[in-house]
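A short worksheet on the structure shown next.
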Amino acid sequence: MKILVTGGAGYIGSHTVVELQQKGYDVVIIDNLSNSTKEVIYSIEKISGKLPEFHQFDLCDENLIGKFFSNNNDIDGIIHFAAFKAVGESVEQPLKYYHNNLTSLINLLKYMNEVQIKNLVFSSSCTVYGQPDMLPVKEDAPFKKAFSPYGHTKQICEQIIECASSVHNIKAILLRYFNPIGAHDSSLIGELPLGIPNNLLPFITQTAIGKRDYLKVFGNDYDTPDGTCIRDYIHVVDIAKAHVVALERLQNNKTNSSCEVFNLGTGKGFSVLEVIKSFEKVTGVKLNYKFVDRRHGDIEKVWADTTFANKVLGWKAEKGLDEMTLSAWNWEKKLKK
Ligand code: UFG
């Protein structure tokens with residue numbers, strides 16, 4: 001079985017490529033390396049012993065996709081990660097986000113239909129829920145107005161896939177990630193933020209290693225037990241494994257509709273302070289942090305109802321918060337070396 005992984009050199013993509021290879025799949029990666037490096041491909045090889053086939057180009061270029069599919073007519077399924085994902089940047093440059101995230105998906109769906117590739121796993125996000133009315137949030141919760149153009153592109157992409165799969169011979173599984181953190185046990189792949197990190201874990205590890213002076217904790221006056229925001233943090237390897245399970249579900253014709261949606265979280269919420277405590281406990285490093293004003297656009301709390309993913313998809317997150325923070329720290333130390 002040959003699987004195309006778009007964005008396979010990225011954070012979640014690279015971990016998924018490893019899991020696929022370890023299950024015996026051949027993997028072809030398309031990535032424009034806009035937010036990753038060629039080194040990642042060799043790190044994947046170091047872990048799995050198999051060098052994935054790699055094509056560097058932009059999925060917004062319809063001609064290049066056409067050429068790719070005419071030279072590769074043996075693809076059995078697609079996992080589509082390739083997208084821009086920086087929330088703040090999307091607010092400043094919305095058109096860049098709408099153009100990239102929508103065009104690449106539409107191009108891909110068009111060719112899937114033309115060359116008759118049936119199965120698609122799509123990388124979505126709990127951002128589609130906004131601040132949900134009910135917690136834990138279930139897959140059938142309504143979309144709220146998106147907090148950012150990035151979040152809006154995920155909502156629109158989901159709707160495009162749902163629509164295309166209802167009329168074309170395409171079956172899709174949309175995976176809504178909560179907050180993926182951590183790194184592979186080997187510390188050979190992990191998150192590689194460009195510039196100053198926006199996300200909590202890379203900021204914590206970079207502060208602890210001495211690259212940043214202190215972590216700003218955005219707000220301690222939220223309506224939560226310790227006043228800081230709550231998220232459902234999930235180990236990136238658990239997320240990667242869910243993609244393999246989703247792909248197998250599609251391949252074995254187990255889906256109940258042309259487009260299914262699953263939450264990928266642990267079902268447990270942790271506050272920013274709890275994440276810091278976990279980090280300090282497992283690493284023995286004291287973290288320098290200060291409370292500052294709330295960050296614009298942050299939601300107060302969100303965590304997943306994972307019942308549907310556990311029962312129907314047959315997948316469950318296995319790793320706990322301490323494992324997540326420790327693996328992120330090991331990765332940061334490896335990067336320093
Ligand atoms: N935080 C800090 N200081 C930092 C960074 C983050 O206190 O330097 C806090 C945030 O305020 C938030 C929590 O840590 O309470 C998590 O923030 P992240 O930026 O790590 O994650 P978000 O939940 O804001 O965003 C993530 C993904 C988005 C996705 C969203 C869905 O990064 O891509 O989840 O809810 F859209």
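We count ligands from 1, going down the list as the structure has it; atoms in each ligand are counted the same way. For this chain, numbers begin at 1 and follow the sequence in order.
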Practice prompt. Can you tell me which residue pairs pass the salt bridge (Lys or Arg N to Asp or Glu O under 4.0 Å) test with a partner in residues 221-234, sequence neighbours excluded?
Written response: Asp221-Arg294, Arg231-Asp298
Discussion item. Can you tell me how the ring of His243 sits relative to the ring of Phe81, calling it parallel under 30°, perpendicular over 60° and tilted otherwise?
Written reply: tilted
Discussion item. According to salt bridge (charged side-chain N to carboxylate O under 4.0 Å, His left out), who are the partners of Asp293, at least two apart in sequence or on a separate chain?
Written reply: none
Just list the N/O pairs, ligand 1 to protein, that are under 3.5 Å apart, with the distance for each.
unit_1	atom_1	unit_2	atom_2	d
ligand 1	3 (N)	Lys216	O	2.7
ligand 1	7 (O)	Lys216	O	3.3
ligand 1	7 (O)	Phe218	N	2.9
ligand 1	11 (O)	Asp298	OD2	2.5
ligand 1	17 (O)	Arg295	NH2	3.4
ligand 1	19 (O)	Asn198	O	3.4
ligand 1	19 (O)	Asn199	ND2	3.1
ligand 1	19 (O)	Arg295	NH2	2.8
ligand 1	20 (O)	Asn199	ND2	3.3
ligand 1	20 (O)	Leu200	N	2.8
ligand 1	21 (O)	Asn179	ND2	3.1
ligand 1	23 (O)	Asn179	ND2	3.0
ligand 1	23 (O)	Arg231	NE	2.6
ligand 1	24 (O)	Arg295	NH2	3.0
ligand 1	32 (O)	Asn199	ND2	2.7

Worksheet entry | Qualifying side chain to side chain donor-acceptor pair (under 3.5 Å) pairs with a residue from residues 118-127, counting only residues at least two apart or across chains | Ser123-Tyr177, Ser124-Glu158
Item to complete: Please find out if less than 6.0 Å separates the ring center of Phe308 from that of Phe262.
Response: yes
Worksheet item: How are the rings of Tyr111 and Phe69 set to each other: parallel, tilted or perpendicular (split at 30° and 60°)?
Response: parallel
